[in-house]
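First up is the structure itself, then whatever we jot down about it.
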There are 2 protein chains.
Amino acid sequence: MGTTQLETVPEPKYWHLKTVLSEALDSEFTVGEILPNERDLAARFGVARATLRQALEQLELEGRLQRRRGVGTTVAPPRVGVAVAPARHTWPGAAGDDWQPVDAVESDTVPAAVARLLETAAGDRVHIVRRSRVTQGRPLAAELLYVPAAVVPGCQETGVLNGPARAHAVLQELQSLELEGQDRTVELGSARAEDAKQLDRLPGAPVLVVTTRYVSGGRTTAVAVSTYRADTCRLTFGESDAVALLAG
Amino acid sequence: MGTTQLETVPEPKYWHLKTVLSEALDSEFTVGEILPNERDLAARFGVARATLRQALEQLELEGRLQRRRGVGTTVAPPRVGVAVAPARHTWPGAAGDDWQPVDAVESDTVPAAVARLLETAAGDRVHIVRRSRVTQGRPLAAELLYVPAAVVPGCQETGVLNGPARAHAVLQELQSLELEGQDRTVELGSARAEDAKQLDRLPGAPVLVVTTRYVSGGRTTAVAVSTYRADTCRLTFGESDAVALLAG
DNA sequence: TAGTGGTCTAGACCACTAT
DNA sequence: TAGTGGTCTAGACCACTAG
């Protein structure tokens, strides 16, 4: 046969579209610039809107685009480098940490995965401190910090305190304990409705879930579940924070 | 008004569907079990197939499901905990590391982000070592390790070696250097065509991209870009590897 | 109120896998 | 060859934002 078929596996349209758009973003657009709307773009490329959207979704996942309902699609700035593991181990809420306490509640039900780490039994009272991390006015991450009531006995009477003050009380008492170590896991998740609101995203948006285990007195003393916007954040670990400068 | 509208924001169908399916997975299915096909499932829930697929995609993103074309949709096992930052800093390829060298090439073009970290100029020769990480017969991650030729002068004449041997030669010479430190970043990406094949996924599949910077002699000596399957992997950091046991 | 992205439908065909 | 998930279409309506 004289026919040459270099691509035995034809590239899907949305994949090719993504490549074309990606190159266009590099060469013809600047950060913050607004793209034509989806209907126009689809028409221009001769595809259905759903196909165009598949390409846009990928680019948004990679942090290249930002889409907002009622507004439009804009070119996203490079991802923000976010230091996750400080050089020195510290309790959450220690001086200089980038989180802002939001409020705290006491509960006797925690997610199964958290209960397993804390080795708490069903019914054990646990403080749940909500915190949020913001940079340049934009929400980066939401966190739930789980501290068994038995770990911070001084916080028995915090019921009278209001939100932030209560969170402060729990965090403050933690500082008095000796922190022996910590470890973390990172995995992909999708934002729960509550997190999504806090992160200014729609429910289901992709997030990087960082689970931190704080060890003190030979056992897991607290667990933090931090939910970072996957589209805008690049998590940084390690001694040198200089790498946070890396772009694109 | 006597009307009570608790949900002013009606939940999208696919979101509700995802919740229902998620609970069904917990209670009525076992790991590895095969689900009804998409057309049947869509009919059963009274939605279009596209809507059903939106829910399945979310569940796959969260590592609850595994879908394979031509085969079906199965219940995924819990994510595998993968140690990313060993307790002691070592060069890639050191004894006991979980990676298998695949091959190596020499090139004078590297991704812009890598060139920035390595501080190489356009045209500088760089060894690119491909490695892969496998557990229980399943591919977890693919890696490209970039080492400037100037860093491993003993590897000038490796052109005659075949793939794996060449990779070994570069890795071996690295061990002789003193490693001063390393740091890492983690971000969300989508699999390039080449990675996708190595990871047994389709192009565009969500991946966790770990960029490791190796520091020696006061400067960045090597950069590794490791691409982990986001659906099956949970990355673990820190001194204690015990956390790798955490499930679900 | 006009315009945007988000959701949803009811089809169709294709690529792949196992039999 | 039959059955699966993957891609694609051409519509429709909804929720949200901004002028």
Side-chain angles (χ1 to χ4, degrees), chain A residues 5 7-19 21 33-61 64-76 190-191 193 196-197 200-206 231, chain B residues 5 7-19 21 33-61 64-76 190-191 193 196-197 200-206 231:
Chain A
Q5 186 163 8
E7 287 288 345
T8 53
V9 179
E11 208 170 42
K13 277 190 187 178
Y14 77 90
W15 185 258
H16 179 243
L17 206 50
K18 180 195 140 184
T19 307
L21 285 169
E33 196 172 346
I34 191 165
L35 267 63
N37 72 55
E38 297 183 349
R39 290 162 180 85
D40 285 353
L41 272 181
R44 185 176 309 184
F45 287 106
V47 299
R49 193 179 153 216
T51 305
L52 185 269
R53 278 180 61 81
Q54 224 175 329
L56 294 184
E57 265 150 36
Q58 287 251 353
L59 290 170
E60 192 179 26
L61 198 82
R64 306 288 312 273
L65 292 179
Q66 188 155 356
R67 299 193 286 173
R68 275 179 303 170
R69 168 156 50 175
V71 178
T73 301
T74 55
V75 180
S190 48
K197 189 174 295 183
D200 192 23
R201 300 247 56 196
L202 291 178
D231 56 343
Chain B
Q5 187 163 7
E7 286 288 343
T8 52
V9 180
E11 209 171 41
K13 276 190 186 179
Y14 78 90
W15 186 257
H16 179 243
L17 206 49
K18 181 196 140 184
T19 307
L21 285 169
E33 195 171 348
I34 191 165
L35 266 63
N37 72 55
E38 297 183 348
R39 290 162 180 86
D40 285 353
L41 272 181
R44 183 176 311 184
F45 287 106
V47 299
R49 192 179 155 217
T51 304
L52 185 269
R53 277 180 61 81
Q54 223 175 328
L56 294 184
E57 265 150 37
Q58 286 252 353
L59 289 169
E60 191 179 28
L61 198 81
R64 307 288 311 273
L65 292 179
Q66 189 154 356
R67 298 193 285 174
R68 274 179 304 169
R69 170 156 48 175
V71 179
T73 301
T74 54
V75 181
S190 48
K197 189 173 292 183
D200 192 23
R201 300 248 55 197
L202 291 178
D231 56 342

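First the proteins, then the strands, lettered A, B, ... as listed; each starts at 1. What you are looking at is a predicted structure, and each value in this text was computed from that prediction instead of being measured. Every heavy atom of this structure was used, including side-chain atoms; hydrogens, water molecules and symmetry mates were not.
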Output yes when at least one side-chain N/O atom of [X] is less than 4.0 Å from OP1 or OP2 of [N], else no.
X	N	value
B/R67	D/dG6	yes
A/T73	C/dG5	yes
A/Y14	D/dC8	no
A/T51	D/dT7	no
A/R49	D/dT9	no
B/N37	D/dG3	no

Please give, in whole Å, the distance from [N] [atom2] to [X] [atom1]?
X	N	atom1	atom2	value
B/L202	D/dT7	CG	P	6 Å
B/Q54	C/dT9	CD	C1'	12 Å
A/L35	C/dG3	CG	C1'	16 Å

Nearest listed nucleotide, side chain of B/A48, among D/dG6, C/dG5, C/dA10: C/dA10

Ignoring the backbone of A/R69, work out which of C/dT9, D/dT7, C/dT4 is nearest its side chain.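 For A/R69, the side-chain atoms sit closest to C/dT4.
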
Using Watson-Crick geometry (N1-N3 plus N6-O4 or O6-N4) or G-U wobble (N1-O2, O6-N3), each under 3.5 Å, D/dT17 is paired with C/dA2

Contact summary for [X] and [Y], nearest pair of heavy atoms:
X	Y	result
A/R69	A/L202	NH2-CD2, 3.8 Å
A/L65	A/V75	CD2-CA, 4.2 Å
B/P36	B/R44	CG-NH2, 3.9 Å
A/I34	A/V71	CD1-O, 4.1 Å
A/A55	A/Y14	CB-O, 3.5 Å

Looking at every strand, decide which applies to [X] at a 4.0 Å heavy-atom threshold: base, sugar-phosphate, or nothing.
X	value
B/R53	base
A/R39	base
B/L56	nothing

Pick the closest DNA chain D nucleotide for B/P203 and for B/G70 by heavy atoms, then say which residue is nearer the 5' end.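 On the 5' side of the pair lies B/G70.
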
Considering heavy-atom distances to DNA chain D, does B/D40 or B/A50 have its closest nucleotide positioned more toward the 5' end? B/D40

